[in-house]
Amino acid sequence: MTNFKPVFAAAIFGLTALSFGAHAQTATTEKDVDAHYKMEQKRCDAMKGNDKDVCEQQAKAARDKSKADLKENKNQAEASRDASKTKNEADYKVAKEKCDAMSGDAKDTCVANAKKQYHQ
């Protein structure tokens, strides 16, 4: 029966880590991640010895992973915006170049339409 306790404790810690990981993935800000981390720290405070140490390390690991995910998502969003802007500017330049084959009002209208279409 003494072997049951460590196995049971490990199972509890595993489920706790999974539940923290699932929550952390839905966190949208560092403030959310930090709030959940503090909640987990309070839960760990009720433990003793190695169980407490493991609980604290799991909470820290989940916090750090969640913050890394937030940073990665932010970087991907910024890269996507930059790519969209570059593509839009390239398309505008092509449209504007096509207008150069025209003259007078037709050219003016073409350029105005290109500016409107590509938000320039």
For the backbone of Ala62 and the side chain of Ser66, can you confirm whether one donor and one acceptor N or O come within less than 3.5 Å of each other? yes

Shortest non-hydrogen separation from Ala114 to Lys96 and the atoms involved: CB-N, 4.5 Å

Where at least one partner belongs to residues 59-89, residue pairs that pass disulfide (SG to SG under 2.5 Å), sequence neighbours excluded: none

Heavy-atom nearest pair, Tyr118 first then Asn88, reads O-ND2, 2.7 Å

Check the surroundings of atom NZ in Lys67: do more than 12 heavy atoms from other residues, nucleotides or ligands lie under 6.0 Å from it? yes

Output, in order, the C-alpha distance, side-chain angles, deciding distance and verdict of side-chain contact (heavy atoms from CB on, under 4.5 Å) for Asp45 and Lys52. CA-CA 7 Å; Asp45 288 343; Lys52 181 177 181 176; 3.9 Å; yes

CG of Asp69 to CG of Asp64, rounded to nearest 0.5 Å, is 11.0 Å

Between Thr29 and Leu70, is there a side-chain heavy-atom distance shorter than 4.5 Å? no

Pairs satisfying salt bridge (Lys or Arg N to Asp or Glu O under 4.0 Å), at least one member in residues 71-84, at least two apart: none

Should Lys60 and Glu40 be marked as a side-chain contact (heavy atoms from CB on, under 4.5 Å) after you check the CA-CA gap, both sets of side-chain angles, and the distance that decides it? CA-CA 9 Å; Lys60 287 176 185 177; Glu40 288 296 306; over 6 Å; no

From CA spacing to verdict: side-chain contact (heavy atoms from CB on, under 4.5 Å), Asp53, Glu56: CA-CA 5 Å; Asp53 294 342; Glu56 289 173 347; 4.2 Å; yes

Take Tyr92 and Lys115 through the side-chain contact (heavy atoms from CB on, under 4.5 Å) test and state the conclusion after the steps. CA-CA 7 Å; Tyr92 169 69; Lys115 285 182 179 183; 3.5 Å; yes

Heavy-atom check, side chain of Glu97 versus side chain of Asp100, under 4.5 Å: yes

Sorted by first residue and then second, give each disulfide (SG to SG under 2.5 Å) pair with at least one member in residues 86-120; sequence neighbours left out. Cys99-Cys110

Is a side-chain N or O of Asp32 found less than 3.5 angstrom from the main chain of Thr28, in a donor-acceptor match? yes

